[in-house]
Amino acid sequence: MKRKRLLSWLCLVPLLFAACRKDEIVVPAEYELLPLPVRTEAGFAPDEPIGMYLLNEGNMGSNKASIDYVDFVNGCYVRNIYAGRNPSVVKELGDVGNDIQVYGSKLYAVINCSHKVEVMDARTCVRVGQIDIPNCRYIRFSCGKAYVSAYVGPVSMDPDAQPGAVFEIDTATLSVTGQVTVGYQPDELDISGEYVYVANSGGYRAPDYDHTVSVVERQAMRQVRKIAVGPNLNGLRKDRYGRLWVSSHGDYGKRPSRLYLLAEKDGLSREMAVSDTFDLPCHRFTIAGDSLYYCGLSRTGPDEADRVSYGIVDVRTMQHAASFITDGTEREIKTPYGIAVNPYDGDIFVTDARNYVSSGVLHCYGKDGKRKWSVRTGDIPAHMVFIYKKNG
């Protein structure tokens with residue numbers, strides 16, 4: 001009965017918000033119960049997530065980026081929570097959601113083709129402000145600063161496309177405090193010590209892809225070197241041993257998608273170099289403890305069908321395990337697009353973008369590889385981040 005009353009009350013909330021907008025067609029937030037226990041927030045451990053935000057990219061040019069929320073406290077899924085919590089924001093979230101992260105009490109969503117980072121309260125998803133950055137891509141944080149990679153130039157294929165940049169932002173004032181030029185079309189980045197490492201894709205210059213990781217000294221905001229890795233880089237994550245894992249989409253021809261490990265050379269962090277190469281089609285990946293979980297979409301040519309794969313790499317032993325899905329339900333996933341792992345209980349979340357133009361699906365698997373539940377999402381579900389009691 002308590003769950004029924006909760007759902008009934010929640011369903012009234014989006015109607016109240018939707019009535020505030022005029023001359024706009026608004027898709028209000030929707031609530032759906034999940035097979036999760038209803039708990040009090042006080043019962044969660046400090047390192048146990050109380051929720052997870054999911055950023056749906058939305059097809060480019062459709063202005064349909066949206067944010068969903070998995071509420072682990074009330075055991076429900078909230079679709080399009082940003083629109084419901086921000087009824088006065090024109091055009092809602094914007095065009096193409098590319099990354100979502102939490103830092104302190106704020107939630108940051110990188111909206112690529114709207115050239116902005118949307119900043120919200122992490123607990124309520126209510127808008128706090130906006131940071132204007134041209135063609136922005138990914139965001140990471142350290143010591144009160146945010147670092148955002150950006151293509152900078154126009155959103156278009158161009159063999160003469162300009163190099164990208166990394167912007168530094170003061171998270172207290174939400175103002176840009178620095179900028180440095182890096183490689184062509186920089187994507188994911190991570191921070192290790194005094195350096196920012198950025199995976200350069202060169203995607204706008206295809207087939208002349210970039211193949212480097214830029215090393216940026218944070219204090220001076222200057223690029224100190226580039227590390228040669230592989231063509232069309234995208235993902236970059238640091239493991240707990242201080243090494244960097246980098247994924248390459250390849251050139252869709254002779255050079256396939258691969259996963260690379262960068263380790264320190266001669267004990268100097270900025271002298272990192274490729275120490276191992278894994279012949280694995282790695283489209284998206286995440287690291288939890290000593291396990292790197294990946295899903296792969298690979299093809300040998302631009303007109304070839306995607307080949308799908310899943311797996312785990314032990315970052316300590318370098319051993320590769322078979323698919324983390326053990327119940328055969330991977331056959332129901334058409335286009336694996338995002339992956340995240342709950343660091344507390346080991347649940348694995350995989351998103352399915354399906355046909356890229358309609359609603360996707362979020363699947364939750366236990367650490368035994370068996371599916372627990374699935375739920376409908378917004379268009380092109382891609383990026384996930386957990387929140388905790390301490391966030392706000």
Check your understanding: Transitively linked via ILVMFWY side-chain contacts under 4.5 Å: Tyr356 with Ile339?
Key -> yes
Review point. Honestly curious: do Val155 and Val96 fall in one hydrophobic cluster under the side-chain, below-4.5 Å linking rule?
Key: yes
Review point. Out of curiosity, Asn98 CG to Glu57 CD, how far, rounded to the nearest 0.5 Å?
Key: 5.5 Å
Review point. Can you check whether Lys226 reaches Ser214 side chain to side chain, under 4.5 Å on heavy atoms?
Key: yes
Review point. Testing Glu194, Glu217, Glu168 for salt bridge (Lys or Arg N to Asp or Glu O under 4.0 Å) with Arg222, which one passes?
Key: Glu217
**Study point:** Check: Leu362 and Cys364 side chains under 4.5 Å, non-hydrogen atoms
**Key:** no
**Study point:** Stepwise side-chain hydrogen bond (donor to acceptor under 3.5 Å, both in side chains) test for Asp158 and Ser156
**Key:** CA-CA 6 Å; Asp158 182 357; Ser156 65; 5.4 Å; no
Point to revise | Where Leu280 and Tyr294 come nearest, the two heavy atoms and their spacing | key: CD2-OH, 3.6 Å
Study note, to complete from the structure: To the nearest 0.5 Å, atom CG of Leu262 lies from atom OH of Tyr197 at 8.5 Å
**Study point:** Note: Arg354-Asp352 ion pair, threshold 4.0 Å (strictly below)
**Key:** yes
Exercise for review: Taking atom types as modelled, find out whether Asp68 and Tyr77 have a side-chain donor-acceptor pair closer than 3.5 angstrom.
Suggested key: yes
Check your understanding: Is there a side-chain contact between Arg123 and Ile387 (heavy atoms, below 4.5 Å)?
Key -> yes
Check your understanding: Would the Tyr337 and His283 ring centres measure less than 6.0 Å apart?
Key -> yes
Exercise for review: First locate atom NZ of Lys372, then atom CG of Leu36, and finally report the distance between them rounded to the nearest 0.5 Å.
Suggested key: 8.0 Å
Review point. If every non-hydrogen atom of Ala65 is compared with every non-hydrogen atom of Leu93, which pair is closest and at what distance?
Key: O-CB, 3.5 Å
Review point. Would you say Arg376 and Glu30 make side-chain contact, with heavy atoms under 4.5 Å?
Key: yes
Check your understanding: Linking I/L/V/M/F/W/Y whenever their side-chain heavy atoms sit closer than 4.5 Å, directly or via other members, would Met318 and Leu292 fall into one cluster?
Key -> yes
Check your understanding: What are the two closest heavy atoms between Ile67 and Cys125, and how far apart are they?
Key -> CD1-SG, 4.4 Å
Point to revise | Polar side chain donor-acceptor pair, Asn56 to Ser66, under 3.5 angstrom | key: yes
Check your understanding: Is it true that Asp187 and Arg137 have a side-chain N and a carboxylate O under 4.0 angstrom from each other?
Key -> yes
Review point. Hey, quick one: are Tyr293 and Val313 part of the same hydrophobic cluster, counting side-chain heavy atoms closer than 4.5 Å, chains of contacts allowed?
Key: no
Review point. Would you say the side chain of Asp47 lies within less than 4.5 Å of the side chain of Pro343, judging by non-hydrogen atoms?
Key: no
Practice item. Determine, for Arg371 against Glu332, whether the closest basic-nitrogen to carboxylate-oxygen distance falls under 4.0 angstrom. Key: yes
Point to revise | Salt-bridge criterion met for Lys238 and Asp190 (N-O under 4.0 Å) | key: no
Practice item. Walk me through it: do Val70 and Val375 pass the test side-chain contact (heavy atoms from CB on, under 4.5 Å)? Key: CA-CA 10 Å; Val70 183; Val375 67; over 6 Å; no
Practice item. Check the pair His383 / Gln101 against side-chain hydrogen bond (donor to acceptor under 3.5 Å, both in side chains), numbers first and verdict last. Key: CA-CA 9 Å; His383 312 280; Gln101 298 291 329; over 6 Å; no
Review point. Ring centroid separation for Phe324 and Tyr365, is it under 6.0 angstrom?
Key: no
Review point. How close do Leu233 and Ser248 get, heavy atom to heavy atom, and via which atoms?
Key: CD2-CB, 3.8 Å
Point to revise | Between CG on residue Asn63 and OG on residue Ser114, distance to nearest 0.5 Å | key: 6.0 Å
Check your understanding: Hey, does the side chain of Thr286 reach the backbone of Ala340 with a donor-acceptor pair shorter than 3.5 angstrom?
Key -> no
Check your understanding: Ion pair present between Lys389 and Glu48, side-chain N to carboxylate O less than 4.0 angstrom?
Key -> no
**Study point:** side-chain contact (heavy atoms from CB on, under 4.5 Å) evaluation trace for Leu55 with Tyr82
**Key:** CA-CA 10 Å; Leu55 177 64; Tyr82 179 89; over 6 Å; no
Check your understanding: Going from CD on Gln219 to SG on Cys143, what distance comes out if it is rounded to the nearest 0.5 angstrom?
Key -> 11.0 Å
**Study point:** Side-chain touch Tyr151/Ser201, heavy atoms, less than 4.5 angstrom
**Key:** yes
Review point. Are the side chain of Asp99 and the backbone of Val110 linked by a donor-acceptor contact shorter than 3.5 Å?
Key: no
Review point. Do Asp279 and Arg258 meet the salt-bridge criterion of a basic N to acidic O distance under 4.0 Å?
Key: yes
Check your understanding: Are the charged groups of Arg243 and Asp239 less than 4.0 angstrom apart, N to O?
Key -> yes
Practice item. Using distance alone, with no hydrogens and no angle criterion, decide if Asn112 and Asn135 have a side-chain donor and acceptor under 3.5 Å apart. Key: yes
**Study point:** Side-chain donor/acceptor of Ser149 to backbone N/O of Tyr138, under 3.5 Å
**Key:** yes
Review point. Between Leu244 and Ile227, is any pair of side-chain heavy atoms under 4.5 Å apart?
Key: no
Exercise for review: Decide whether a cation-pi geometry holds between Arg39 and Phe44; the criteria are a distance under 6.0 Å from NZ or CZ to the six-membered ring centre and an angle within 45° of the ring axis.
Suggested key: yes
Check your understanding: How many angstroms lie between atom OG of Ser275 and atom OH of Tyr260, to the nearest 0.5 angstrom?
Key -> 12.5 Å
Practice item. Provide the closest heavy-atom pair for Gly84 versus Ala29 in the form atom of the first, atom of the second, distance. Key: CA-CB, 4.4 Å
Review point. Counting only N and O atoms by type, is there a donor-acceptor contact under 3.5 Å from the side chain of Asn232 to the main-chain atoms of Gly250?
Key: yes
Point to revise | Aromatic ring pairing Tyr103/Phe141, orientation class (parallel under 30°, perpendicular over 60°, tilted between) | key: parallel
**Study point:** Atom of Phe167, atom of Val152 and distance for their closest heavy-atom approach
**Key:** CE1-CG2, 4.2 Å
Exercise for review: May I ask you to decide if Gly104's main-chain N or O and Asn391's side chain share a donor-acceptor pair within less than 3.5 Å?
Suggested key: yes
Check your understanding: Would a distance-only check, ignoring hydrogens and angles, find a side-chain to backbone donor-acceptor pair under 3.5 Å from Asp71 to Asn74?
Key -> yes
Review point. With hydrophobic residues grouped by side-chain heavy-atom distances under 4.5 Å, do Leu236 and Val198 end up in a single group?
Key: no
Practice item. Quick one: do Arg218 and Tyr147 satisfy side-chain contact (heavy atoms from CB on, under 4.5 Å)? Show the steps, please. Key: CA-CA 9 Å; Arg218 290 197 295 123; Tyr147 297 89; 3.4 Å; yes
Check your understanding: So Tyr108 and Thr171, side-chain hydrogen bond (donor to acceptor under 3.5 Å, both in side chains) or not? Walk me through it.
Key -> CA-CA 10 Å; Tyr108 297 78; Thr171 58; 4.7 Å; no
Exercise for review: For side-chain contact (heavy atoms from CB on, under 4.5 Å), just list the numbers for Arg284 and Thr351, CA-CA rounded to whole Å, side-chain angles, deciding distance to a tenth of an Å, and then say yes or no.
Suggested key: CA-CA 11 Å; Arg284 304 279 191 188; Thr351 67; over 6 Å; no
Exercise for review: Verify the distance criterion only: is there a donor paired with an acceptor across the side chains of Asn200 and Thr212 at less than 3.5 Å?
Suggested key: yes
Exercise for review: Check whether any side-chain heavy atom of Val166 lies under 4.5 Å from a side-chain heavy atom of Pro186, and answer yes or no.
Suggested key: no
